[in-house]
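Structure first, then comments.
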Amino acid sequence: WLTPQQSASNETTTGAAETIYRGWLMTTNDDFSISSASTITYADGLRHNLKEGWYEFKCNCEVQDSEEHSETRPLADWLGELAHDRRQPVAYVAAIRAYLASPQGGNLPRRLLKTSPLETFAQAVANLYARMVAGDTAIDILQEMKNKEGAFGSHGFATPCQSLADCPVSPRELSLQTPLHYRPHHTIPSHSHLMTTQNRVSAADMWSVVVSEVASVETIDLHTHLLPPTHGPLCLWGIDELLTYHYLVAEYFMTAPASVTPPEFYNLPKPKQAEMIWQALFVDRSPISEACRGVVTTLVAFGLQEQVRRRDLSGIRAFYKSYQDRGTEGAAEFSDLVFSTSGVQYNIMTNIPFNSTEAQYWRGPNKTDYDSKHFKSAVRVDPLLAGDRETVEFALKSAGYDVTLEGARQYLRDWCDTMKPEYVMASTPHDFVVPSDEALPKPSKINTAALAEPGAFATVAKSQNAMESSCDGTQDDLPSVINEHSDFLSQVLMQVCEERDLPLALKIGAHRAVNPELKTAGDGVVAFADMSVLSRLCSRFPKVRFLATFLSRNNQHEACVLASKFRNLHIYGCWWFCNNPSMIQEITTMRVEMLGTAFTCQHSDARVMDQLVYKWSHSRCIIAQVLSAEYEKLAVSGWQPSRHEIRRDVARLFGRSYKEFMD
Ligand SMILES: [Zn+2]
């Protein structure tokens, strides 16, 4: 009855105008090898033939095939038509809904069908139905339930419909920018026959498959500023950290009365800062900016919609307090919650050995084991890239290394041994200038006292303020300053990268501190960066792999061109001012058009652990939209991707391309 066909013979014993349908038995030939070859006729005239594997049945269920028209049609005709093409689950939802509404079917009022539990129920049934039509037998599916596999993982036979609804947002919401939250299991297991169907698919099928696959892919977050819970105060999380994120601070100062000056603001305790921002951006105004909406998405994902509805900051704080009260253990539990909610397999931190506050967690008596399943390391090596001789020499001396190029290499090797980084990375403090060919850069206002501390390398701070800010965990996140003519670059950094087979991550963008008073929140010029440096590095050091992201929208196109020319260049994510829905959409579309799947679609750049939740759910939604549009174009040209192929491509964009690049 799954794939009814009108029977070749319409004879009935009653002579009534009932339509007879033929169904196919789900079987292998062997099962009926001893059966009689003849057709058996029952008393009511219905027949079956086990040898040929068919049987006849009646179905008098009439359904309304659309909400607009009141005409009805036989349900079995509809299903027979649908089954002609093996389709993805979304294609069956309307028929199932119509059955539920039909007086001969579920007999439910239509208004009930619009409620989300029944919507979810229809989607879940559609999932199972589509799988069976595609060839997964009922026995196979029951086996999966029994063995608690895949989507049946946690509940087996009691699996809630929600876990089976293929497209995690209802079709009515599909075109909206809803956060697309991670779902821990694919609703269609990899071994399902539905994975290989390549039939002509409609735009709706394509969209629902891509949405479902993007929602269920576990991602690698290539670059963040997070630190593990065992790094104590350096691990940032919770509502006050969310609200004092530097994007929100910048937005706050656009609205703040002139009497509130940045230095005064930064001198206030963090909870007070958070309250001022909450009042200004969430109470006095609607939180419609991307960074504000992100806070809302995150809180709702944690189940705080009621507190959000009441604009109740203390209620929100109470939720976090239950974790905060339990110290490192609570932080670790919260961290696990964030990773499982956001679907991030692991993130790559930005570790600064040269910052003594952080270094103590890596070496010495305070060294701690950290959650290396979720947190992987990247070593930041700014002064080497910038050819900052004075700082490098000072650091080598303080740490007891020879002040030679070999000493510098050894220093870097030793830190790589300690941190075991996935790659090395460079970004630089605020007041660095791009050095000219000859002159060595002269960093200003070096805090020599800080540098004298063991392990302190170049937190070559622009000012005392910057030192403080890096100590409280707000690290600089600025474009790489590259001195191509420096020995440190060619003979230390590149040499160790080659030796250890470590990629170098670069952040490309022209930069100056636009408003130093605002500290991190005041940074950023979105100007054209000179991309020729990157192309010269790629060709001069062909054995070193480069990971690059770009601050300016204007550089994105050239970046794609470069990536297609250099095999040792991998492009990742949308950084900072480009990490907004409209920009992500534009940039990802261009990248897919130019690079296929040979790039990593996103990174979060999160500084506060909770941000993984919204940065990824917002990005997943847009990337799903971009991808489904690209697949539709492809289908129009004559290529129908199977669901399996789509799953594979999505995995590449969310981390597998990076892994392939790294291997
Ligand atoms: Zn960053």
Side-chain angles (χ1 to χ4, degrees), residues 1-6 21-27 54-55 57 59 61-66 73-102 104-108 113 116-146 149-152 157 159-171 174 185-202 204-209 211-213 216 642-644:
W1 50 269
L2 287 173
T3 57
Q5 288 180 343
Q6 280 214 23
Y21 296 91
R22 174 173 285 187
W24 298 95
L25 292 162
M26 188 183 69
T27 176
W54 57 266
Y55 66 100
F57 66 97
C59 175
C61 181
E62 289 281 322
V63 297
Q64 209 175 316
D65 65 355
S66 85
R73 62 191 293 205
L75 174 68
D77 286 359
W78 191 354
L79 294 179
E81 262 171 49
L82 280 173
H84 192 66
D85 281 338
R86 288 187 296 171
R87 301 275 301 272
Q88 296 295 331
V90 69
Y92 304 99
V93 174
I96 290 161
R97 235 188 269 134
Y99 168 78
L100 291 173
S102 160
Q104 289 113 36
N107 201 17
L108 294 171
L113 291 171
S116 91
L118 276 171
E119 182 71 56
T120 308
F121 174 70
Q123 287 193 46
V125 173
N127 175 356
L128 299 174
Y129 188 85
R131 288 191 57 188
M132 289 192 273
V133 169
D136 298 352
T137 68
I139 299 294
D140 292 340
I141 295 173
L142 288 168
Q143 244 351 305
E144 286 171 25
M145 290 185 196
K146 183 169 170 251
E149 291 168 26
F152 306 111
F157 286 109
T159 298
C161 289
Q162 234 169 338
S163 313
L164 295 182
D166 187 35
C167 193
V169 283
S170 87
L174 285 184
H185 294 292
H186 288 288
T187 51
I188 312 293
S190 295
H191 60 257
S192 168
H193 288 84
L194 203 53
M195 293 299 290
T196 52
T197 53
Q198 264 182 347
N199 297 299
R200 187 183 54 75
V201 281
S202 72
D205 285 23
M206 188 75 84
W207 174 218
S208 74
V209 169
V211 168
S212 179
E213 294 300 328
S216 298
S642 69
R643 186 163 184 142
H644 169 76

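In what follows, residues are counted from 1 in the order of the sequence shown. Note that this is a predicted model, so its numbers are computed, not measured.
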Calculate, to the nearest 0.5 Å, the distance between atoms [atom1] and [atom2] belonging to [X] and [Y] respectively.
X	Y	atom1	atom2	value
K146	I139	NZ	CD1	11.0 Å
D140	M132	CG	CE	11.0 Å
T137	H193	OG1	NE2	9.0 Å
S116	Q162	OG	CD	8.0 Å
M195	R131	CE	CZ	10.5 Å
L142	L128	CG	CG	9.5 Å

Counting N and O atoms only, with roles assigned by atom type, does the side chain of [X] sit under 3.5 Å from a partner on the main chain of [Y], one being a donor and the other an acceptor?
X	Y	value
N127	A165	no
Y92	L79	no
S102	E62	yes
D166	P89	no
T120	C161	no

So H191 and E144, side chain to side chain contact (heavy atoms under 4.5 Å, CB included) or not? Walk me through it. CA-CA 11 Å; H191 60 257; E144 286 171 25; 2.8 Å; yes
Please find the pair of heavy atoms, one from [X] and one from [Y], that lie closest to each other, and give the distance.
X	Y	answer
S163	A151	O-CB, 3.7 Å
F57	R22	CE2-C, 4.0 Å
D205	Q88	OD2-N, 3.5 Å
L194	T197	O-OG1, 3.0 Å
V93	A122	CG1-CB, 4.2 Å
W78	A98	CZ3-CB, 3.6 Å

Under the side-chain hydrogen bond (donor to acceptor under 3.5 Å, both in side chains) test, residues paired with H185 that sit two or more places apart: none
Can you name the residues that form a side-chain hydrogen bond (donor to acceptor under 3.5 Å, both in side chains) with Q64, not counting sequence neighbours? none
Side-chain heavy atoms of T159 within contact of M145, under 4.5 Å: no
Side chain to side chain contact (heavy atoms under 4.5 Å, CB included) evaluation trace for H186 with E213: CA-CA 7 Å; H186 288 288; E213 294 300 328; 3.1 Å; yes
Side chains of S192 and R643: do they bring a donor and an acceptor to under 3.5 Å? no
Do other residues, nucleotides or ligands put more than 12 heavy atoms under 6.0 Å from F152 CZ? yes
